[in-house]
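Beneath this line is the structure, given in structure tokens, with notes to follow.
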Amino acid sequence: MMKDTSLTKEQMACVYAWLAQLFSRERDDESLGLLQSSEMAEWFAVLKGEPLLEAQVLLLEAKIAALKVREDATLELAADFCSLFLMSDKHAALPYASAHLEGGPNYGVIKQLLSDAGMQVSDTFSESADHLAIFIELLSHLHFSLAEAGPRHQQVDALRRETLAGLLRWLPEFTTKCCRYDDFGFYGALSQLLLALVRLDNQR
């Protein structure tokens, strides 16, 4: 049975799009300022209206507040991003499905999902197709599509469920590693919010 949430399909799509950006590249001064803005505080208030996300949003807000007093916050957060997501040693949380699933690279599944949704990986995105941001961006696209009434509603929802199932095969392990190896905790908190959102979405 599908459980109702306080978030609309459009809001879910927007959260996924926002998270995809945060996991795809380092933050600059402008994007860091946006995280600390009153507009973002209002958006977080909306997310906290969903009980299953409240604790994770509160944790993320605490990490964002800590950034305000962190020396060279932009540079340090960029260093956190690089050490967590771009290194290949054991003290990292690589954002690729193939890094967490047995059998090595398996790009066929996500590429088929993208094809079925009428999407493809942009040439400007230099990462492999099984990058976390691709999964999240696909979920954002599917939720925007679901918000529009149309004959493909059931097909789009089936793609959403299939994408969620594929992501949940490795996202918990990724989140655990984020929390373990992110000493400052911003990306650890962000990954916990993403996992809570995906689990909430999977209940719908």
Side-chain angles (χ1 to χ4, degrees), residues 2-27 31-70 73 76-78 80-81 83-85 92-97 99-100 131-140 142-144 160-161 163-204:
M2 182 179 289
K3 296 183 179 180
D4 292 330
T5 75
S6 61
L7 299 176
T8 66
K9 294 180 179 66
E10 291 92 340
Q11 287 172 328
M12 293 285 286
C14 289
V15 182
Y16 278 130
W18 174 69
L19 287 168
Q21 283 192 340
L22 290 172
F23 279 110
S24 65
R25 64 184 67 89
E26 301 97 322
R27 301 296 88 200
S31 59
L32 190 57
L34 180 60
L35 278 175
Q36 299 166 339
S37 67
S38 58
E39 290 83 4
M40 189 58 66
E42 293 174 1
W43 179 232
F44 286 149
V46 172
L47 297 184
K48 284 185 289 189
E50 171 51 60
L52 294 178
L53 301 180
E54 183 179 10
Q56 290 78 16
V57 176
L58 287 170
L59 177 60
L60 182 59
E61 285 183 313
K63 297 303 178 183
I64 291 173
L67 283 169
K68 294 181 179 180
V69 296
R70 190 182 191 189
E76 291 297 326
L77 202 59
D80 293 344
F81 183 96
S83 63
L84 273 172
F85 304 140
L94 299 181
Y96 309 99
H100 303 276
H131 191 283
L132 176 61
I134 299 297
F135 282 85
I136 311 173
E137 191 67 43
L138 175 56
L139 286 169
S140 174
L142 293 173
H143 274 278
F144 275 125
R160 177 187 70 89
R161 292 184 177 280
T163 305
L164 288 168
L167 188 52
L168 283 169
R169 290 178 60 205
W170 62 279
L171 185 61
E173 180 180 324
F174 168 81
T175 301
T176 297
K177 289 185 176 181
C178 265
C179 296
R180 181 183 303 158
Y181 298 125
D182 181 16
D183 292 335
F184 180 75
F186 172 79
Y187 287 105
L190 199 67
S191 65
Q192 289 181 70
L193 175 57
L194 173 60
L195 180 58
L197 182 70
V198 169
R199 284 173 169 164
L200 172 67
D201 196 4
N202 199 47
Q203 294 178 1
R204 296 174 71 139

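Counting from 1, the numbers follow the sequence of the chain as shown. Just the heavy atoms: all of them, side chains too, but no hydrogens, waters or symmetry mates, feed the values below.
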- Task: Please determine which of I136, T176, L164, L132 meets the side-chain contact (heavy atoms from CB on, under 4.5 Å) test together with L171.
- Result: L132

- So, does R160 use its side chain to make a donor-acceptor pair with the main chain of D201 at under 3.5 Å? yes

- Check: S6 main-chain N/O paired with E50 side-chain donor or acceptor under 3.5 Å: yes

- R27 with D80: basic N within carboxylate O range, under 4.0 Å: no

- Task: Identify, with sequence neighbours excluded, every residue that meets ring pair (Phe, Tyr, Trp, His ring centres under 6.0 Å) alongside W18.
- Result: F44

- Note on the structure: For A99 and L94, the nearest pair of non-hydrogen atoms, with its separation, is CB-CB, 3.9 Å

- I would like to know whether W43 and V46 meet side-chain contact (heavy atoms from CB on, under 4.5 Å); could you show each step before the answer? CA-CA 5 Å; W43 179 232; V46 172; 4.2 Å; yes

- Student check: side-chain heavy atoms of R199 and P172 closer than 4.5 Å: yes

- Message: Using modelled atom types and a 3.5 Å cut-off, is there a donor and acceptor pairing between side-chain atoms of H143 and backbone atoms of V15?
- Response: no

- Message: Nearest 0.5 angstrom please: Q21 CD to L34 CG, how far?
- Response: 9.0 Å

- I would like to know whether F23 and L194 meet side-chain contact (heavy atoms from CB on, under 4.5 Å); could you show each step before the answer? CA-CA 10 Å; F23 279 110; L194 173 60; 3.9 Å; yes

- Quick one: side chain to side chain contact (heavy atoms under 4.5 Å, CB included) partners of Q36, sequence neighbours excluded? L32, I64, L67, K68

- Query: In Å and rounded to the nearest 0.5 Å, what is the CG to CG distance from N202 to L167?
  - Reply: 9.5 Å

- Nearest heavy-atom neighbours spanning M12 and L7: SD-CD1, 3.7 Å

- Here the pair of heavy atoms bringing Q192 nearest to L59 is NE2-CD2, 3.4 Å

- List the atom of E10, the atom of F144, and the distance in Å for their closest heavy-atom pair. O-CE2, 4.2 Å

- Those residues that, when tested against K177, pass salt bridge (charged side-chain N to carboxylate O under 4.0 Å, His left out) (two or more places apart): E173

- Item | Sub-4.5 Å side-chain heavy-atom contact between Q11 and L47 | no

- Query: Under the side-chain hydrogen bond (donor to acceptor under 3.5 Å, both in side chains) rule, what pairs show up with a residue in residues 52-63, not counting sequence neighbours?
  - Reply: K48-E61

- Query: After noting the C-alpha distance and the side-chain angles of L168 and V198, does the key distance pass the side-chain contact (heavy atoms from CB on, under 4.5 Å) rule?
  - Reply: CA-CA 8 Å; L168 283 169; V198 169; 3.6 Å; yes

- Note on the structure: Minimal heavy-atom distance between A66 and F184, with the atoms involved, is CB-CZ, 3.8 Å

- By side chain to side chain donor-acceptor pair (under 3.5 Å), D182 pairs with (sequence neighbours left out) none

- Determine the minimum heavy-atom distance between S140 and A13, stating which atoms define it. OG-O, 2.8 Å

- Note on the structure: Sorted by chain and number, sequence neighbours left out, side chain to side chain contact (heavy atoms under 4.5 Å, CB included) with F81 holds for E26, F85, L86, Y187

- Task: To the nearest 0.5 angstrom, please state how far the CD1 atom of I134 sits from the CG atom of L139.
- Result: 11.5 Å

